[in-house]
Amino acid sequence: MNTLASFSSDSRLPKWQQPEKVAGWVVLGGAAAAGVYYWGQIVPYLVDIVFNSVKLGIGLGALFVLFLLGTNKRIQTGLWYAGQRVLRTLAGIFVNTDPIGIMEDYISNTEKEARQMEGEIGHIEGAHELVKRKLAANEAQMKEYLALADSATRQNEKDAAEAYASRAAQILDYNQRLQPMATTTANVSVVMRQILKAALRQIDGSKFKVGLLKDEYELVKRTSSGMRAAMNILRGDPDKKYFFDLATDRVAQDMAQQLGQIKQAMRYSQEFVKEMDIQNGVMSEKGQRLLDRYQKGDFNALLDNTKAPVSTSVAATKQRSDDAYSSLLD
């Protein structure tokens, strides 16, 4: 009785005075305080988890892409041709890769060299002209010194005559040394003029040849482009033909699957129709027999036979119920 009384008295206390409620609130308050205190340490940890998960996903995706690049032949071939195209484009920025352009660049460089050669020939001819004038001046100076030496000799000025004669001899030696240079410059200028004429003729011939090749190349490219379009129609693009075959196989599979479903549905419907035909035939025969009996006057007798028998007594009914329950218990 005391226990019951104490229990009833505790239950009548306010909720905030009940010890289990107070302990629960204290635990919840402590947990909330701990969460607030450690929140600054938990958040960076959660942020690191999220960003590390994202980095892991990106790394796995990159590994998957690398796996595809290493195993798929079509991707490797496409990257190979793409790399060649990029390198060819980059090379075309610095170097002319067009064959016609290469020949035109060669002709342009040859013309530039011919112009430089013509300028050099002008310098050589100028040097030859300078040598000729120098020889002529030296010859005139030598004649003058000889005349002065002769005059000094006639005047018995032996030292002056020797001096003038010595200068004339030096000029003669100078001219003898300079004469081969004059001959060389003359020969070189003549040879270079001939080479320049031959180079100019070759440049003209190359221009004509390149112009002809350029026209032929353009015609061949246009013709080849047209024939390539015709061959693409006849043979088909290999890549597009591959996808066309895949699409054709997919359509054939879908058609076969749908035809199978249609045949299965027709088979089920045929069985259903047969069953319905059988049931309808049975009911039709039964109805025909009833009609025949009705026409013969046996329909009323049939109805009398189908009536329920006369109800038995209450005692018999109770006995049958007891027997039924006893059989259930058995």
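Side chains included, hydrogens not; waters and symmetry mates left out as well; all remaining heavy atoms used. Count residues from 1 along the sequence.
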Please report the interatomic distance [atom1]([X]) to [atom2]([Y]), rounded to the nearest 0.5 Å.
X	Y	atom1	atom2	answer
Ile262	Gln264	CD1	CD	11.5 Å
Met103	Tyr217	CE	OH	9.0 Å
Leu178	Thr183	CG	OG1	9.5 Å
Ile107	Glu104	CD1	CD	7.0 Å
Lys214	Leu219	NZ	CG	12.5 Å
Ile124	Glu129	CD1	CD	14.5 Å

Check: [Y] and [X] side chains under 4.5 Å, non-hydrogen atoms:
X	Y	value
Gln179	Gln176	no
Leu130	Lys134	no
Lys207	Val210	no
Gln194	Lys197	no

Please answer whether the main-chain N or O of [Y] pairs with a side-chain N or O of [X] as donor and acceptor at a distance below 3.5 Å.
X	Y	value
Ser151	Ala147	no
Ser206	Gln202	yes
Asn109	Asp105	yes

Quick check: closest heavy atoms across [X] and [Y], and the distance to 0.1 Å?
X	Y	value
Met192	Met117	O-CE, 3.3 Å
His128	Thr185	ND1-OG1, 2.8 Å
Ser53	Ile49	OG-O, 2.7 Å
Ala161	Ala152	N-CB, 3.6 Å
Ala114	Leu196	O-CD1, 3.6 Å

Side-chain heavy atoms under 4.5 Å apart, restricted to Ile/Leu/Val/Met/Phe/Trp/Tyr: what other residues fall into the cluster of Leu172, or is it alone?
Met142, Tyr145, Leu146, Leu148, Tyr164, Ile171
Determine, using the 4.5 Å side-chain heavy-atom cutoff (strictly less than), whether [X] and [Y] are members of one ILVMFWY cluster.
X	Y	answer
Val191	Ile121	yes
Val131	Tyr174	yes
Leu200	Ile195	yes

Would you find more than 12 non-hydrogen atoms of other residues, nucleotides or ligands less than 6.0 Å from Glu218 atom CD?
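Yes, enclosed.
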Before giving the answer on side chain to side chain contact (heavy atoms under 4.5 Å, CB included), spell out for Thr110 and Glu113 the whole-Å C-alpha distance, their side-chain angles and the decisive distance to 0.1 Å.
CA-CA 5 Å; Thr110 306; Glu113 294 292 336; 5.5 Å; no
Kindly determine whether Val251 and Met255 satisfy side chain to side chain contact (heavy atoms under 4.5 Å, CB included), including the steps that lead there.
CA-CA 6 Å; Val251 170; Met255 289 178 62; 3.9 Å; yes
Test side-chain contact (heavy atoms from CB on, under 4.5 Å) applied to Leu56 and Val54, Leu60, Ile58, the passing residue
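For Leu56, the side-chain contact (heavy atoms from CB on, under 4.5 Å) check succeeds only for Leu60.
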